[in-house]
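Scroll down for the structure; my scribbles are underneath it.
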Amino acid sequence: MTEKAFASSADLEEKQRTLEVLADGVYALTAQGDPNIGAIEGEDFLVCFEALATPVAAREWLAELRKHTGKPVRYLVLSHYHAVRVLGASAFDAEVIVAHENTRALIAERGIADWESEFGRMPRLAKGAESVPGLTWPTLTFSDRLTIELGGERGELELHHCGRGHTEGDLVAWLPKQRILYAGDLVEAEAALYTGDAFHRDWSSSTLDRVREFGAETLIGGRGGVSRGREAVDAAIEQTRHFLTVMLREVGAVRDAGGTLKEAFERTHAALHERYGHWPIFEHCLPFDVSRLWDELSGIERPVIWTAERDREVWARLQG
């Protein structure tokens, strides 16, 4: 058997990026399973959603965005703390960097370790890694909800914390007038879930219930394509829930029977592979997903910090 390359270290092929105009002044950039990113025009400013992994990568996105609007970036909204979402922030020259209060705490607690971990797992996303000036620090945080007035006839942008999920600090960005939701990594449309820092039971139940309650007609998840129409939006949410539910069932069954982490990984892989195995980063994510869920079901409430060394150890144990 050929040994699997570590995480996404062998995925070096550039992805095709697609900038989509979802409504007047509302944008999304998708890239074949790479992290999605977005922007919303206010009357005389921009709100950008996510920052990519490096300033070099972020400037490429901004160059595409500048073909549509030259408005300055007033707000940069970060859906959560992971390095590939936040370390490109300096390229935006934003007046205000917004995140949930738990995200700021997570950056302080584990930002450096996460930086080293994620750049090791996904070297292609770390384009121009030397351009990262340091950790990205939010300048405005909130606990439950924050509203940004867009001005003119553009309505409002609402930022909501729907509960613990992909991390304990996820937020979503909701445009009620346009019924468009930027869901961050709480929802993936045809891309495998990364749950290495997750709270699976909350995410699969109350958190996704809250996401569905918005009644979005367009949804941009953390990876994968844009979901258009209520049927497609609900399908993306329920697909995310199904992935989590299968993990909970399979890992829980092995643990309850006195099995091993390796057995839990193999059983979960078998249960998910037919439906999800061809999706981006499935093989990359699953060892880390199962390891975290095993801990959670064992009573370890908060995720253990991932380091570059721990990444390799878990990979060798489960995917080796």
Side-chain angles (χ1 to χ4, degrees), residues 22-29 35-66 68-111 114-115 131-162 166-178 180-186 220 222:
L22 307 177
D24 181 28
V26 183
Y27 309 95
L29 186 76
N36 293 337
I37 192 166
I40 302 104
E41 289 190 46
E43 189 171 23
D44 56 1
F45 63 90
L46 280 172
V47 181
C48 287
F49 188 79
E50 311 287 37
L52 296 178
T54 70
V56 167
R59 288 187 197 106
E60 292 179 354
W61 147 240
L62 287 167
E64 292 297 315
L65 183 60
R66 290 308 181 202
H68 296 266
T69 175
K71 294 175 183 177
V73 180
R74 182 175 298 171
Y75 299 95
L76 173 61
V77 177
L78 307 175
S79 70
H80 62 286
Y81 80 96
H82 284 144
V84 295
R85 302 289 184 180
V86 305
L87 291 180
S90 62
F92 291 81
D93 196 26
E95 293 180 30
V96 182
I97 299 176
V98 187
H100 189 264
E101 61 188 17
N102 289 345
T103 290
R104 195 184 199 288
L106 287 164
I107 291 169
E109 178 187 51
R110 57 186 69 195
D114 181 69
W115 180 353
S131 65
V132 179
L135 291 174
T136 297
W137 292 101
T139 59
L140 174 63
T141 62
F142 67 97
S143 59
D144 297 312
R145 173 175 169 173
L146 177 71
T147 299
I148 297 173
E149 298 289 344
L150 298 173
E153 301 298 318
R154 295 186 176 273
E156 299 175 338
L157 176 67
E158 298 174 3
L159 306 180
H160 293 262
H161 177 59
C162 296
H166 176 71
T167 72
E168 58 192 299
D170 300 281
L171 62 80
V172 301
W174 169 235
L175 288 161
K177 181 176 180 180
Q178 299 87 347
I180 295 173
L181 184 70
Y182 293 86
D185 277 342
L186 286 175
I220 307 92

Are the side chains of [X] and [Y] in touch, meaning some heavy atoms are under 4.5 Å apart?
{"X": "Glu101", "Y": "Phe142", "value": "no"}
{"X": "Thr69", "Y": "Leu46", "value": "yes"}
{"X": "Glu95", "Y": "Phe45", "value": "no"}
{"X": "Leu150", "Y": "Glu43", "value": "no"}
{"X": "Pro133", "Y": "Pro55", "value": "yes"}
{"X": "Leu159", "Y": "Val98", "value": "yes"}
{"X": "Leu175", "Y": "Ile40", "value": "yes"}
{"X": "Leu157", "Y": "Thr147", "value": "no"}

Minimum heavy-atom separation for [X] to [Y], with atom names?
{"X": "Pro138", "Y": "Thr141", "answer": "CB-CG2, 4.0 Å"}
{"X": "Trp174", "Y": "Ile180", "answer": "CE3-O, 3.2 Å"}
{"X": "Ala108", "Y": "Trp137", "answer": "CA-CH2, 3.6 Å"}
{"X": "Leu52", "Y": "Ala57", "answer": "CD1-O, 3.7 Å"}
{"X": "Pro35", "Y": "Val84", "answer": "CG-CG2, 4.4 Å"}
{"X": "Asn102", "Y": "Gly169", "answer": "CB-CA, 3.8 Å"}

Determine yes or no for a side-chain-to-main-chain donor-acceptor pair under 3.5 angstrom, with [X] supplying the side chain and [Y] the backbone.
{"X": "Asp170", "Y": "His166", "answer": "yes"}
{"X": "Thr54", "Y": "Gly88", "answer": "no"}
{"X": "Arg59", "Y": "Leu62", "answer": "no"}
{"X": "Arg85", "Y": "Gly222", "answer": "yes"}

Within a reach of under 6.0 Å around CG of Asp144, are more than 12 heavy atoms found that belong to other residues, nucleotides or ligands?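 No, the 6.0 Å shell around CG holds no more than 12 heavy atoms from other groups.
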
What distance separates [X] [atom1] from [Y] [atom2], expressed to the nearest 0.5 Å?
{"X": "Tyr75", "Y": "Leu140", "atom1": "OH", "atom2": "CG", "result": "7.5 Å"}
{"X": "Leu181", "Y": "Cys162", "atom1": "CG", "atom2": "SG", "result": "7.5 Å"}
{"X": "Ile148", "Y": "Leu146", "atom1": "CD1", "atom2": "CG", "result": "5.5 Å"}

Ionic contact status for Glu158 with Arg145, cut-off 4.0 Å: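 A salt bridge links Arg145 with Glu158.
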
Presence of salt bridge, Lys71 and Glu41, under 4.0 angstrom: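 Between Lys71 and Glu41 there is a salt bridge, with a charged N closer than 4.0 Å to a carboxylate O.
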
Angle between ring planes, His68 versus Tyr27, binned at 30° and 60°: parallel, tilted or perpendicular?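 Judged by the thresholds at 30° and 60°, the geometry between His68 and Tyr27 is tilted.
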
Mind running ring-ring contact (aromatic ring centres under 6.0 Å, His included) on His80 and His100 for me, showing each step along the way? CA-CA 8 Å; His80 62 286; His100 189 264; over 10 Å; no

Run the side chain to side chain contact (heavy atoms under 4.5 Å, CB included) check on Thr167 and Tyr81 step by step: do they pass? CA-CA 8 Å; Thr167 72; Tyr81 80 96; 3.9 Å; yes

Step by step, would you call Cys48 with Leu65 a side chain to side chain contact (heavy atoms under 4.5 Å, CB included)? CA-CA 10 Å; Cys48 287; Leu65 183 60; 4.2 Å; yes

Begin from the C-alpha positions of Glu50 and Ser79 and carry the test side chain to side chain contact (heavy atoms under 4.5 Å, CB included) through to its verdict. CA-CA 7 Å; Glu50 311 287 37; Ser79 70; 2.6 Å; yes

Can you tell me which residue among Val47, Ile37, Val26 is in a side-chain contact (heavy atoms from CB on, under 4.5 Å) with Tyr182?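 Going through the options one by one, the only one that passes is Val26.
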
